[in-house]
Asker: 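Below are the structure tokens for one structure; questions will follow.
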Amino acid sequence: MEIRKGIAVSPGIAIAKPMVVDSKDYRIPRRSIMASQRSAEIQRLRKAFSSAIDQLQGIESAQDIQEGKIRDIFAVHMRFLKDRSFRKRITDFISNDLVTAEYAVSTILREIASHFAGIDDAYISERAADIFDIEKRLLTHLLGKKQEDLNHLAEEVVILAADLTPTQTAGFNKSFVKGFATEKGGRTSHTAIVARSLGIPAVVALGDMSSEIPPDCVVIVDGNRGVVIIDPDADTLKQYDVYAQQMTQFVHQLGQLRELPAETRDGLRVRILGNIEFPDEAEQVLEKGGDGIGLYRTEFLYLYGGQEPTEEDHYNAYAEAIRVMDDKPVVIRTMDLGADKLPHAGWHANEANPVLGLRSIRYCLQDLTLFKTQLRALLRVSVLGDVRVMFPLITNLQELRQAKMILRDVMEDLDEYAVPYKADMPVGIMIETPSSALTAPLLANESAFFSIGTNDLIQYTLAVDRANEHVSTLFSAAEPAVIQLMRSIIQDAHRGGIDLSICGEVASDPEFIMLLLGMGVRTLSLAPPMIPEVKKIIRSVTIEECNRLAREVLTMDSSRQIKNFLRDAATRILPETF
Ligand code: PEP
Ligand code: MG
């Protein structure tokens, strides 16, 4: 039994067989071999190489690739496959570390690919893709029919991976993928956010998991405590079975809150909205008792389809969510690509700091064709319900004015063709940088509403990459600087007479709900599966208690003190959660 501690990012317990996945969706079991199997394994490797070479020769001699770039690419592949030192590196790895041929191929090729990818020369860094291709080719010959991709699972599994992209996670088949655990990532990385939306238990930032995972073992992913247990003993397995049953009961009890209002004991009504990435999640928002959609992350349209969405793709996706919501509000955020949400490999690969780079609204303001396509669809759906548009990552007034000017341009285009839209559709912004927080009074004059994106606000305030496991302990909403910024944004929104919500992950953190209410927040937007728990907390407190708690927190000077204080308060109210 091996117990690993990481960061809990999506609650729940998953117990199933492990499936080790690499970044290309291939299943690469890390299996050890006995010393006596060494030469048979090297023989398998040789066979895979010669089959791959035969296959390439066949392709190369085909008529249609006699010319040009494709032939060059295959020539590179062939050179690699025939390179003795390359093959020796793999056989040495098998011999010395006693691992299977497929694991050795995958590991060595990934080392080479990441070396190429890190070289600051576009031509060389692009060669990383060739290495992946060679790896794929060799693995096809090694794994043969055993090769499985994630789309064709036949049994329940928990996924173990170095890292997963948000797109991979969003594509999981929930009937079979019961949970996942990754070596990298942080609580507010988008992979974690998608896991929460899907309701899949997940733990990230586990560090190197390349220790042997025994064949046919079971793995427990405890998304409440941030623990992964590989090959648990019988007692542990029994305890977890009981714990998982208790959790199911707890979730069932919370489900009974669905029809009840999110209202404090002394009668203050709070609005709980859902964060969604795909239109089909809208149903879940209603099922869980949400009052609307507070954040529709539309960039997943770009991440999932494999190509840039058309105006009709946008229209259909938004129309579906709006139809489900009927007359409830739907806040559609314009595309927020970049940082860890990359539509394809190589997207702005040359940026040294993508989080500080050409992402989100900045990208939209440079690619007006792409931006206007989305805005046209957004305006067209505005007549279908209570639709509001929200610009992400606004850092100053000029950016907001520019974005609104483009929106007006699109309105004029629609006028020309007499296409109906709601001219007074509310236009709001996300406050997720210190810059916008500090100039909130100015921005409030020209925005219909604010939504605080605490994930990015924390990242930019504390200078801590939200997806970097090495600094994850520094990423905290309980830092006094973050709390003071949040409070001043809330006050500025109130003074400016505009609506305010919180849509970062803090809004679903049971420990923070009382503080947010005490600081004056009345609208929360969060992953749909978390709605019942947050509602339960709201229904268990009085606003007077929350105000008192907030006043006290604002006098504290360290995140540790604040965190402990909030945790104690929340545990008293809802011990089952902790
Ligand atoms: C945020 O930054 O808090 C937010 C809600 O947006 P995203 O997580 O998509 O960056
Ligand atoms: Mg953000």
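For ligands, and for the atoms within them, numbers begin at 1 and follow the listed sequence.
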Asker: Run through Leu516, Leu254, Leu524 and flag the one making a side chain to side chain contact (heavy atoms under 4.5 Å, CB included) with Val534.
Answerer: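 That would be Leu524.
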Asker: Sort out for me which residue in Asp313, Thr298, Thr334 forms a side chain to side chain donor-acceptor pair (under 3.5 Å) with Gln374.
Answerer: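 That would be Thr298; it is the only one of Asp313, Thr298, Thr334 passing the side chain to side chain donor-acceptor pair (under 3.5 Å) with Gln374.
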Asker: Considering all heavy atoms of both residues, which atom of Ser559 and which atom of Pro480 are nearest to each other, and what is their separation?
Answerer: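 Smallest heavy-atom distance, with atoms named: N-CD, 3.9 Å.
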Asker: Answer yes or no: is there a donor N or O on one side and an acceptor on the other, between the side chain of Arg225 and the main chain of Ala8, under 3.5 Å?
Answerer: no
Asker: Answer yes if the ring centres of His314 and Tyr302 are under 6.0 angstrom apart, and no otherwise.
Answerer: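 Under 6.0 Å, so yes.
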Asker: Are the side chain of Asp367 and the backbone of Leu370 linked by a donor-acceptor contact shorter than 3.5 Å?
Answerer: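 Judged by distance alone, yes, a pair lies under 3.5 Å.
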Asker: Which one of Ile562, Leu549, Ile483 satisfies the side chain to side chain contact (heavy atoms under 4.5 Å, CB included) criterion with Leu554?
Answerer: Ile483
Asker: Got a sec, which residues hit salt bridge (Lys or Arg N to Asp or Glu O under 4.0 Å) with Arg466, two or more places apart in sequence or on another chain?
Answerer: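 Partners of Arg466 under the salt bridge (Lys or Arg N to Asp or Glu O under 4.0 Å) test: Asp456.
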Asker: Would you mind writing out the side-chain donor-acceptor pairs for residues 193-203 within the sub-3.5 Å range, not counting sequence neighbours?
Answerer:
from, atom 1, to, atom 2, distance (Å)
Arg196, NE, Glu505, OE1, 2.8
Arg196, NH1, Val9, O, 2.2
Arg196, NH2, Arg187, O, 3.2
Arg196, NH2, Glu505, OE1, 2.6
Ser197, OG, Glu277, OE1, 2.8
Ser197, OG, Glu281, OE2, 3.4

Asker: List the protein residues in contact with ligand 1, where contact means a heavy-atom separation under 4.0 angstrom.
Answerer: His190, Ile193, Leu295, Arg297, Arg333, Asp336, Lys341, Met430, Glu432, Gly453, Thr454, Asn455, Asp456, Arg466, Cys503, Gly504
Asker: For the Mg ion (ligand 2), how many protein N, O or S atoms lie at less than 2.8 Å?
Answerer: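 For the Mg ion (ligand 2), the figure is 2.
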